[in-house]
Every structure is written in structure tokens, then in C-alpha cells.
Amino acid sequence: MQHLVDVTPILENLNDAQREAVTAPAEPTLVIAGAGSGKTRVLVHRAAWLIDVEGLSPQSLLAVTFTNKAAAEMRGRIESLLDMPVAHLWIGTFHGLAHRLLRRHWREANLPQNFQIIDSDDQLRLIKRLLKNLEIDDSRWVPREIQYFINGQKDEGLRPQHLDDDGDPNRRQMIALYQAYEEVCQRGGLVDFAELLLRAHELWRDNAELLEHYRRRFTHLLVDEFQDTNSIQYAWLRLLAGDTGIPFVVGDDDQSIYRWRGARVEHIYRFQKDFPSARVVKLEQNYRSTATILNAANAVIANNNARMGKNLWTEGSDGESIKVYAAYNERDEADFIIARLRDWIDQGNLRADSAVLYRSNAQSRVLEEGLINAGIPYRVYGGLRFFERAEIKDALAYLRLISHRDDDSSFERIVNKPTRGIGARTIDIMRSYARANSCTLWRAAGAVASDELAGRAANAVHAFMQLIERMAQDVAGLDLQEQVDHVIHASGLIDFFKKDKGEKGETRVENLLELVSAARSFEPDPASEMSPLDEFLSHAALEAGEGQADAWEDCVQLMTMHSAKGLEFPLVFLAGMEDGLFPHQRSIADPNGLEEERRLCYVGITRAMQTLYVTYAEQRRLHGMDNFSQPSRFIAEIPDEHIEEVRPRVQVSRPMHTPRRSSAGRAASAPGNELGVRLGQRVRHGKFGDGVILNCEGQGAHARVEVNFETAGTKWLVLSYANLDLM
DNA sequence: TACTATTTAATTTTT
DNA sequence: TTAAATAGTA
């Protein structure tokens, strides 16, 4: 068979190690793939090799990734390499695949057919509600910690009944809450992210026939980012592989940066124990960065003990040395970075080819102010995604309630939004009824409105229930986008947000309309047993969408080092390289924590292709306090020969940056004085109301500021006339 | 019920 | 510093 197929497209342009991995015999294989070593490539070519050369049916392949983006990319690349669509090839995230299984086998999984997926925000709200119901003090039992506990246990594959309180009353309570949480979820047909994985695992574990079926079907398992698998994900894979399935896993132990989220690098070692015959292939040749950058990265990561050990190398040249800049403070650091970005852009480079990476999100602020001031377009990664926006979740809650009357989370979310006279008091009554009769809020509402509530409240509740019922009727038989469109109007959400003053309300309305177009372009699976609406709701929960709409303007990229994983840029800045910030204070004391920070640093360094700047501030304002800091220990771990200290310490401060907060009020209202206004400063204007300073220019009596008013929009004002009050 | 004052805490994030 | 959550007030 093999000689009949032209293997050239699959094997050309692969190096020896890559080729070894791609053409490995049908045995368990572990590929340790360093940063920029062509990891995705190997995975994609391996899939193509199995299908095209080994003659495997795409049906027998299961490919798992961590993000939807990676899954989509993998499918696309496999299809273009094979030059044919591979619809029957299962490619997806762990969660997506688990979801698919659970929908298919909802009975065996002991779930209602129309079970709903809740995201972490829904989960947190649910826990808060639960505490309120049980009359538990939420300052002693912090909802976030409970959430963390529950998810942590689920990630380890543990149910409440598996847990022992070890005589610790604290732990006993946690376990009890976990148990209570589970009951609420089961009653409401709600499934959180970790639950998807856990259920999918239990589904196979407890149904020998089903497991056998899938084992026979999926003979080959491809896994991306293997170092990020948590225990339940590993157990799921292990179960599926059995004694005959052939796993092909790709990962990099040095890029494991999600331990706090349940990821366990140890699975890489475990894999070799579970599959003693496993072939190990190391990909160490890097196609991304200069030798200097790689040597720096190698030197830094060499300080970690817990690793398999590998060394990145390149056939390319040394390139530029790494520039280290010691800034006076965070503002000076930002100024320096912006000056270098200016040069870069002036030399005709793309802004989108540059990135500023930092340890924590709060650091973006100073950079953003500087970039706005310099008029350089930028994009900050992270933040709220489309389906996570409050107004979108409100609309989805209506849709969910229509589809699933028992969804208490959704019920509480929108029962009084827009306000319809169902206050906290009334909700409390419904809650306690629901608790006393262990029924859902929807049923409680019906019962309570008929006999317990006073006239006005009862009417309001009846009206709400009728609204939902009526919407459910009106929507039946409509297209998905018509359903969504109808619901956002009939629910009163659109009008509710229209009343919201200023731009905020406008954006919300726009987002709601955007939801309608999202529904329009959503393609339900014709083979699915679910209604298109339910499919759409699952999609919304599993794929939160893009962070920002206007992503593709050419702009400087700002993001945390975590979000930078997997990306590459010709020009990279690592900002805020100070002990306490990076490595972060909270990880510094724990050796494991420190090693993870170091891996993060390794990730950061290896994002750079040509030019890498490392900057730190000798003094940094953190939480409103000025702190002196030491350069990050990671800088000292980069060999001196790769480093060039840059010190264009020219004039550090510019007058309008001087943050003389205390005298600012007087300075701003008295013409001619030195201005004390600051970007981001909140101000109040007699006519335009409240706003924020976006920009300023000029000096003394001519000084002008650009203010974004909440209601009046953006205006340029002459400071000496405007009479702004600082707030 | 909506607005305002006060308190509190402050990594990293995909599903 | 500042953002978010909570408590208190009009």
C-alpha cells in the first residue's frame, strides 16, 4: 500500500526528528517538542500520514486540543495537506469532545436530554446562591474558594463521596458544599466545565459496552499540549486507549504553566510508565528565534530541576543581543518601550509584529496610557469575551429559560431584569419555598404567586411567568436568529439597555444585535438530536468567542505571558521583569511555584523571533504605593554575553505626566499653573458631566485635554476655561 | 430601586 | 490606585 501513495507532500520540509515522529510505527509515541520546533506541524503531518499512507480511516482518529482555535487550525491544516475534507475525523477540545459524548449518551450519563452547560461565571453565581439558601456566611466560606475547591476535586476525578474530611471541620464543610452544589446542578440539569470531563470519564468507566465501542472506533489518539492535561483528562485518554489504542502525544514539559488550573506535567512521566514501550522523540531544532534568544532561554530554563531536559538550537545566526533596560519607574519603562516601538514602526515594520508581554494584567495600564498618548494603535488580549458580556448572558438566560424552565441560574439572573417589581423580598420567598419543597424556582414561583404573595408581587410574578411562556410559544417554529431577535425585544432587554445613558448602553444594545447575527451565522448540526437553540446555547458556553471585534487592524499586541503561549513576534518586550512581580510574590517562596514562573519566563523569551527587550523598573507604583524593586532573578540567569544594557536615560519625566495628585485640583482650575492632570484622571464638567482624560497637550494657558465624557462623548477642552473638577 | 459611600483586596485563564 | 462588592441613603 505504502508505495502507491506519493508521500512527498507529507514528508518534505520535515527535519529528521520531525520525520521520525510523523512516520513512527503504530506504537505509543511521546513527542517532546520545544518552543518553535514545529509541534503543530508534526501533529498535522502525523494525522495525514496515518490517513494517507497507513490507510487509516479518518473515523478511527481522535485528535484532542485545549482550545477551540487550536482545534479549528488543526482541522484546517490536515484538510489542506490531504486536500480533502475530513468530516468524520473527531477533532476538538477535551470539553468539546466530552460534550459530544454526553449529548449522544445522555441517558447512560444520567443527564436530562437538554442539560445546559454553565461557565465559571454561572458557576460562581450558583455557589453564591447556594450559600444564601443554606444561610451560610459567605465571608467565612468564600464563594471563590469553594469554586476552586470543587473544580480542583473534579479535575482530580473526585466526587464528594470519595472525599474524606480527615477530621478537619473546614474540609468537612467544603465537602458538604460540594455535595450540595452537585445536587443543585443535577436537579437543574446543569453541567459545569469540569463536570463535562468527569461525566465523560464515568460514562466510559461504567459502561463497558460503550467503552468497547469507542475503543474499537478510535484506535489512534492524537493529543496536543500534553503537558497541560489534568488528571481527569489523562484518565479519560488512558481509559480510551486501553491496551490496544495508540496514543501519539505532543508536549513540552518546559512550557507547562497551568498547574494552578489542574494541569500536571507529571503526565509526561506517567505516560512513559503506562506505556513502557513508548517511543520518545525530541524536537529541539527551532525555526523561530535567533541563536542568542534560544541560548538565553536554554540558560534560564536550565535552572529548573524538574524537567526532562532538552536544548533548543537553530541553524540560523546569532542575531542581535538581548537588550536590557533599567527604567527609573514604570512610566519611564513605558516611555522607553514606546520609543522603541516608534522606531520599529518608523522603519516600516508592522505594528502587529510587535508585542509587549507582562506578568499580570494590571501592568497594561501604564503602557496603554503611553500608547494612547503616542497615538499608536494597540490591542490588549484577554478581558471579556463576547459570550461573557453581561447583556449577552442576560439574553442567553432568557433563551435558556425558554428551553429549560428548571434552570434556576437563568431564572434568578433575569427574573427582575428589566425591573418588573420582583424585588429581593419576593425572590427570597420563592427561594425558601423552593428549598422547603426541593423544587426549582420556576415551580416555586408558580406556587408562591398563587397563594403566598400579596397582590402586587403576585401579579408581577404571574406576569413574568406569562412572559416566558408567551415567548416560548411565539418563538416555536421560528428560525434561530428570529428566536433570538424576538427574545431580546420581547423580554424588554433592548429597551432596558437603551435607557442606559451614554455609550455603555449603546454598546450593550449593539452587542445584543450582534448576538442576533451570531445566531444567524450559526450552523446547527443537521444530525443533532438537539434543537438548534439548545445547540446554540451549548456553543455559546463552550466557545466564548473573540475578545475584541476589531482585531485585525495593524496594532501593537499587549498581553500576559500566559496568553502569549503559542504565539510568536519578530519584536518582543518583556516588561516588568522585577522580583516580586515576575517571579510573582505569591510564587516566590514555593520552589515549585518558582519553577513554574521560570517556565513562564521561558515561554516569554521564546516568543521573540528577532529582537528581545527585557525591561524593569527600579521603582514601581503598586496598589498605590511606591516600591523599590530588584531586577528579576531571571535576568541574572541569562548569560552576560547575550545581554546588552541599554541606557538612553535622557529626560525621564515629562511635565504633564507629573502626578501631583494633591495639588492637582487647584492647579487644574487655576489658569496658568502647571497642570497636574493625568491620563485616566476622572473629571467633572459643569455641562458635560463626568469623564476621563484621554490625552493632553500644550502648556500653561494653552494646555488642552481630551476628555471622554460618559454622556457627551469625547471632547477637547482648554484647561483654563473648562473649569474641570478633578475627582 | 437607584445612586453613593465605604470597605476590601490585589497572578496567571480556557473550557 | 482602583475596581468591585457591599452597605447605606434618598
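Everything quoted here is computed from the prediction, not taken from an experiment. Below, chains carry the letters A, B, ... as their sequence lines are ordered, and counting in each starts from 1.
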- Task: State whether the distance check finds a donor on one side and an acceptor on the other, under 3.5 Å, for side chain A:S563 versus base B:dT13.
- Result: no

- Message: Whether A:N416 contacts B:dT1 is assessed here as follows: a side-chain N or O lying under 4.0 Å from the phosphate OP1 or OP2. Is that the case?
- Response: yes

- Query: Nearest 0.5 Å, what's the CG-CG distance between A:L124 and A:D119?
  - Reply: 10.0 Å

- Query: Is it true that A:E535 and A:R103 make a salt bridge, defined as a side-chain N closer than 4.0 Å to a carboxylate O?
  - Reply: no

- Starting at CD of A:Q233 and ending at P of B:dT14, how long is that distance when rounded to a whole Å? 15 Å

- Message: Is there aromatic stacking of A:H95 on B:dT15 here, judged by a ring-centre distance under 5.5 Å and a plane angle under 30°?
- Response: no

- Query: What is the distance, rounded to the nearest whole Å, between atom CD of A:Q123 and atom C1' of B:dT14?
  - Reply: 13 Å

- Task: Could you label the plane-to-plane angle of the A:F226 and A:H267 rings as parallel, tilted or perpendicular, counting under 30° as parallel and over 60° as perpendicular?
- Result: tilted

- Query: Is the side chain of A:E333 donor-acceptor paired with the backbone N or O of A:G576 at a distance under 3.5 Å, no angle test?
  - Reply: yes

- Message: Check this one for me: any side-chain N or O of A:R385 less than 4.0 Å away from OP1 or OP2 of B:dT15?
- Response: yes

- Nearest whole angstrom, please: distance from the P of B:dA10 to the CG of A:L581. 15 Å

- Atom P, compared across B:dT12 and C:dA5: separation rounded to whole Å: 16 Å

- Whole-Å distance separating the CZ atom of A:R420 from the C1' atom of B:dT1: 15 Å

- Of all the nucleotides listed (B:dT11, B:dT13, C:dT2), which has the minimum atom distance to the side chain of A:H562? B:dT13

- Query: If you draw the axis of the six-membered ring of A:F387, does the NZ or CZ of A:R385 fall within 45° of it and under 6.0 Å from the ring centre?
  - Reply: no

- Item | Of the listed nucleotides B:dT15, B:dT1, B:dT12, the one nearest the side chain of A:L542 | B:dT15

- Can A:R599 and A:E596 be counted as an ion pair, charged N to O under 4.0 angstrom? yes

- To the nearest angstrom, the OH-P distance between A:Y381 and B:dT11 comes to 23 Å

- For the ring pair A:F411 and A:F464, is the centre-to-centre distance below 6.0 Å? yes

- Starting from C1' on B:dT14, measure out to CG on A:L197 and report it in whole angstrom. 11 Å

- From NE2 of A:H201 across to P of B:dT15 the rounded distance in Å is 23 Å

- Item | Sugar-phosphate only, base, or nothing, as touched by A:N68 at under 4.0 Å among non-hydrogen atoms | sugar-phosphate

- Please confirm whether A:H562 and A:Y258 have ring centers closer than 6.0 angstrom. yes

- Using Watson-Crick or G-U wobble pairs with both distances under 3.5 Å, give me DNA chain B in dot-bracket, 5' to 3', with [ ] for crossers and | for pairs to another strand. ||||||||||.....

- Query: Any donor-acceptor pair under 3.5 Å between the side chain of A:R359 and the base of B:dT12?
  - Reply: yes

- Any side-chain N or O of A:T560 under 4.0 Å from OP1/OP2 of B:dT13? yes

- Query: Rounding to the closest angstrom, what is the interatomic distance between C:dA3 and B:dT14 at atom C1'?
  - Reply: 23 Å

- Query: With a 4.0 Å cut-off on heavy atoms, is A:N361 in touch with a base, just the backbone sugar-phosphate, or nothing at all?
  - Reply: sugar-phosphate

- Listed in order of residue number, which residues of residues 258-266 of chain A have a non-hydrogen atom at under 4.0 Å from DNA chain B? A:Y258, A:W260, A:R261

- Is a donor on one side and an acceptor on the other found under 3.5 Å between the side chain of A:R607 and the backbone of A:V603? yes

- Nearest whole angstrom, please: distance from the C1' of B:dT11 to the NE2 of A:H584. 4 Å

- Which part of the nucleic acid, if any, lies within reach of A:N151 when heavy atoms closer than 4.0 Å are counted: base, sugar-phosphate only, or nothing? nothing

- Message: The criterion is salt bridge (charged side-chain N to carboxylate O under 4.0 Å, His left out); which residues satisfy it with A:E225, sequence neighbours excluded?
- Response: A:K39, A:K565

